[in-house]
Structure formats: structure tokens, C-alpha cells
Amino acid sequence: MRDFSYLRADSVEAARNAAALPGAMLLAGGTTLVDLAKCGVAEPSAVIDISHIKGLDAIDVSAGRAVIGALAKMSHVADHAEIKGRFPAVSEALWQAASAQLRNMASIGGNLMQRTRCPYFRDPANFPACNKRAPGSGCSAIGGVTRGHAVLGTSEACIATYPGDLAIALVAFDAEVHLGERRLKVEDFFLAPGATAEREHDIRPGEVITAIEIPGSAAARRSTYLKVRDRQSYEFAAASAAVGLELEGDGRTIRDIRIALGGVATKPWRARAVEDALRGKTFDEATVRKASELTMDGAVDHGANHYKIELAPRVVARAILKLGETA
Ligand code: FAD
Ligand code: SF4
């Protein structure tokens, strides 16, 4: 780890000014940044501690939306009564992320900014080839061990999976990220690798995430997050789905449905083909299962991750059917 200077910012403006300096990185809960610095992936020249900025941890659920401050802890948001009641998929995604200790430390802004868990990315000493870490150096994963890698949104430059849970629910419900003056859809905030694998987020030097905003809707109120993984705790998703459902007054016709996928794509992935196939249809198991097969349209595997192409449609179908059982 190289030497760095440390600055404690006491306002968003101070954080923005400091973050604009070359090599500066923000520190919130530290649960990702410290790991990345230890393994030699992050080499900040200055660490700007934003964890003491007052007011940035507020959670406000009113006027038909939720605004969650960037410094709100994952555990606080997961356990917030109105988030649980009006955005259950958001609460469930957070509860199923990481561990209790991490959730108590980690912030919402830091969660959105977490980097991929591709093992080659996190091991620069043994795997110098990684386009995400060192643009133009190649990709050690392609032709390597790919069990955890993505099947959607990949490119010849990078096949790393987006690892987080919260962002999957945010993308399903059209949430926005606040970056001071600039606001953008969470879906657009995350970038597929294309030829520029090193850019995972649409964030500019000097920008600080101040909040996320989630519009309320009937589909968000009747929603769930299903995460399938190798073990039931402290594990990233093999495949996951955030799903929201709104039925017509007849209780059978699908008025609105939202579906986003985790664990299978290079960024949080909205499954619009499945949504379009179900909107206006009668809710029954056969229809749901048939539409869910569209989940993996355009998927490309790299051998050991082929199972995701079979797994993800089942996860989507299971999540939708579970919602259908709720009143
Ligand atoms: P930090 O480590 O402080 O910062 C992370 C990054 O975000 C840094 O680059 C920092 O500069 C930047 N940053 C922080 N705040 C801001 C801001 N306001 N504006 C702009 N940039 C900012 N996550 C899941 O979703 N699901 C899991 O299953 C899961 N499992 C995990 C298991 C382990 C063992 C670990 C270590 C992590 C796991 N995580 C998981 C990731 C965890 O959720 C993140 O580490 C955490 O959310 C990061 O938040 P933080 O506040 O600690 O961020
Ligand atoms: Fe690096 Fe992406 Fe290849 Fe992993 S998949 S080694 S992150 S370029």
C-alpha cells in the first residue's frame, strides 16, 4: 500500500473540492476501499473521509418517493419501517447483502460504488492482465476460471459480473442517483464494459453521491428480491432477481411488472423483454414460466458459467410466482 494523505471533509462542498484532486478517493464505511488498497487495486494519493458529514445519512419516505442519503448505513435502510413497507425489494436486497458487521459499517453511496469481485481483478501481483485495472493489458478471466463471471453485457475486453444487490432493486424501480447538480437513472449510472472496462460508473472527478431517490409505485410496494447463491449468508449472488408486480382490479391481469437481474450481468440488468411479455397478460404459472425464458436473450457463456443461463430464468419465475401468492 502506498503512502497517502488523509483529509476529513465536514461538508459536501469540501468533499467535492478535495475529490477533484488527482488520485483522491472518498472514504465512507471503508469496507471496500480498504480491501482494494490492501490488494493493490486502489492506490489513492489522498483519502477524503466523508463519514462525518452531517445530514447525509437521512432517510425520508414521503410524497410518494424515498430519498436515502449516501451515508445511510445499509442496516438502517434495510430495517427502516417505511422502506420495508413501501419498497420491500430494497429492504430484502440489503438484508441479503454481505454480513451483519459489514451492513452496520457500509454506506449506500459506497455500496453503489463497489467494484467487481472478479478474482483476477483483485490479484494484480499474480494476474497483471486485466483491462478493468490496467486498460489494454488483456483479460485473465477469458480462458480462465469463469464460474462467477457474467453472461449478459459482456465484451471482448471484460466479462466481470456486477456483484451488488441493492442496485438491482433500484434499477427495477427506476431509481435515480443524486450527484449534486447532476441526477441520473441508476440504470445509466452503471456502465457495461464495452471497450472501456475500466469505467464502471458514470461519475466525474469531484462528484460525490449525495442520495438515491426511488419513486413509489404499486409495483414497488408489492415487490421482492430473490438471491440464489452457493451458501445462504455472506455470499454474492449466482443469480438474483428484484421483481415488482401490480395487478388490475380483477386480481388476475398484470398491469405493471418490473424485473431486474443480479449475478449474471456486467451491470444491474433490467429484463424488459420479460416485462413486455407479461404486461397485460393473465397471471398464471405457465405464462410466467414461458415469459421468464426471455430473461437470457443475448446471453453468452464462457464454459463454467453456462449454468447461469439455465438458473436465471428459474430465479425470475420463482420470484414472480412468489409475488403472485401475496395478497
Ligand atoms: P467505502 O469502502 O468507504 O467506499 C467504496 C467506494 O465508494 C470507494 O471507491 C469510495 O471512494 C466510493 N464512495 C463512497 N462513498 C461515496 C460517495 N458518497 N460518493 C462517491 N463515491 C463514494 N455487497 C452487496 O451488495 N452484496 C453482498 O453480498 C456483499 N458481500 C460482501 C462481502 C464482503 C466480504 C465484503 C467486504 C463486501 C461485500 N459487499 C457486498 C460489498 C459491500 O456492500 C460494500 O463493501 C459496501 O457497501 C461499501 O460501502 P462503504 O461505505 O464501506 O464504502
Ligand atoms: Fe479484469 Fe474484467 Fe477480465 Fe476480470 S473479467 S480479469 S475484471 S478484464
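Numbering of ligands and ligand atoms starts at 1, following listing order.
- Neither the backbone nor the side chain of L36 comes within contact range of ligand 1; no heavy atom lies under 4.0 Å.
- Hydrophobic clustering of Ile, Leu, Val, Met, Phe, Trp and Tyr side chains at less than 4.5 Å, counting indirect connections, keeps V228 apart from L321.
- Looking only at atom types and distance, the side chain of S62 has a donor-acceptor partner in the side chain of D60 under 3.5 Å away.
- Of the protein's heavy atoms, M113 CB, 3.8 Å lies nearest to atom 6 (C) of ligand 1.
- Protein N, O or S atom count below 2.8 Å of atom 2 (Fe) of ligand 2: the structure gives 1.
- No donor-acceptor distance shorter than 3.5 angstrom exists from the side chain of Y225 to the backbone of W95, with no hydrogens or angles considered.
- Considering only non-hydrogen protein atoms, atom 41 (C) of ligand 1 sits nearest to Q114 OE1, 3.5 Å.
- One N or O on the side chain of T295 and one on the backbone of S292 form a donor-acceptor pair closer than 3.5 Å.
- Within ligand 1, the atoms closer than 4.0 Å to a non-hydrogen atom of Y234 are 34 (C), numbered from 1 in the order shown.
- Of the heavy atoms in E235, only backbone atoms (N, CA, C, O) come closer than 4.0 Å to ligand 1.
- The distance from ligand 1 to the heavy atoms of A97 drops below 4.0 Å at these ligand atoms: 24 (C), 25 (O), 26 (N), 27 (C), 28 (O).
- The aromatic rings of F127 and Y120 sit perpendicular to each other, their planes meeting at more than 60°, with 30° as the lower class boundary.
- Although no hydrogens or angles enter the test, the distance criterion places no donor-acceptor pair under 3.5 Å between the side chain of T146 and the main chain of H149.
- With no hydrogens or angles considered, a side-chain donor-acceptor pair links T224 and K322 at under 3.5 Å.
- Contact analysis leaves R229 out of contact with ligand 1, as no non-hydrogen atom separation drops below 4.0 angstrom.
- Less than 4.0 angstrom separates some heavy atom of M74 from each of these atoms of ligand 1: 43 (O), 47 (O).
- Each of L278, I257, L245, T253 was checked for a side chain to side chain contact (heavy atoms under 4.5 Å, CB included) with F283, and the lone residue meeting it is L245.
- Residue contact check: S107 has heavy atoms under 4.0 Å from atoms 47 (O), 49 (O), 50 (P), 51 (O) of ligand 1.
- Taking a cut-off of under 4.0 Å to the non-hydrogen atoms of L26, the atoms of ligand 1 that pass are 8 (C), 10 (C), 11 (O), 17 (C), 19 (N), 20 (C), 21 (N), 22 (C).
- For the residue pair D35 / T32, no side-chain donor-acceptor distance below 3.5 Å is found, with atom types taken as modelled.
- Nearest protein heavy-atom contact of atom 50 (P) of ligand 1 is G29 N, 3.5 Å.
- In terms of protein heavy-atom proximity, atom 43 (O) of ligand 1 is closest to N111 ND2, 3.1 Å.
- Atoms of ligand 2 found under 4.0 Å from any heavy atom of S140 (numbered from 1 in listed order, with element): 6 (S).
- Scanning all protein heavy atoms for the shortest distance to atom 45 (O) of ligand 1 gives T32 OG1, 2.6 Å.
- A donor-acceptor pair under 3.5 Å is formed between the side chain of R229 and the backbone N or O of Q232.
- Between R252 and E248, no side-chain nitrogen of the basic residue sits less than 4.0 Å from a carboxylate oxygen of the acidic one, so the salt-bridge criterion is not met.
- For atom 52 (O) of ligand 1, the closest heavy atom belonging to the protein is T31 OG1, 2.7 Å.
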So D284 and T282, side chain to side chain donor-acceptor pair (under 3.5 Å) or not? Walk me through it. CA-CA 6 Å; D284 62 53; T282 300; 5.7 Å; no

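- At least one heavy atom of K227 sits less than 4.0 Å from an atom of ligand 1.
- Residues S217 and E246 have side chains that never bring a donor and an acceptor to within less than 3.5 angstrom of each other.
- Looking at I50 against ligand 1, only its side chain comes within 4.0 Å, counting heavy atoms.
- Of the protein's non-hydrogen atoms, the one nearest atom 14 (C) of ligand 1 is G110 CA, 3.6 Å.
- Checked by distance only, ligand 1 and L27 stay at 3.5 Å or farther apart across all their nitrogen or oxygen atoms.
- Of all the atoms in ligand 1, the ones that sit under 4.0 Å from a non-hydrogen atom of D35 are 36 (C).
- The cluster map of Ile, Leu, Val, Met, Phe, Trp and Tyr, joined by side-chain heavy atoms under 4.5 Å apart, puts I108 and I168 in the same cluster.
- Looking at heavy atoms from C-beta onward, L33 lies in side-chain contact with M25 at the 4.5 angstrom threshold.
- Among R258, R270, R255, the single residue meeting the salt bridge (Lys or Arg N to Asp or Glu O under 4.0 Å) criterion with E275 is R270.
- Distances between N or O atoms of D165 and those of ligand 1 include at least one value under 3.5 Å.
- Ligand-side atoms of ligand 1 in range of A28: 3 (O), 14 (C), 15 (N), 51 (O), range being under 4.0 angstrom from any heavy atom.
- Only the side chain of A70 comes within contact range of ligand 1, with a heavy atom under 4.0 Å; no backbone atom does.
- In terms of modelled atom types and a separation under 3.5 Å, the side chain of Q114 and the main chain of N111 share a donor-acceptor contact.
- Annotation for ligand 1: atoms under 4.0 Å from non-hydrogen atoms of M25 are 9 (O).
- Under a hydrophobic-cluster definition in which Ile, Leu, Val, Met, Phe, Trp and Tyr are linked whenever side-chain heavy atoms come within less than 4.5 Å, directly or via other members, I68 and V208 are assigned to different clusters.
- Closest to atom 1 (P) of ligand 1, if we only count protein heavy atoms, is G30 N, 3.4 Å.
- Among T210, L71, I53, L33, the residue whose heavy atom sits closest to atom 2 (O) of ligand 1 is L33.
- Using a 4.5 Å cut-off between side-chain heavy atoms of Ile, Leu, Val, Met, Phe, Trp and Tyr, with links allowed through other members, L71 and L27 fall into different hydrophobic clusters.
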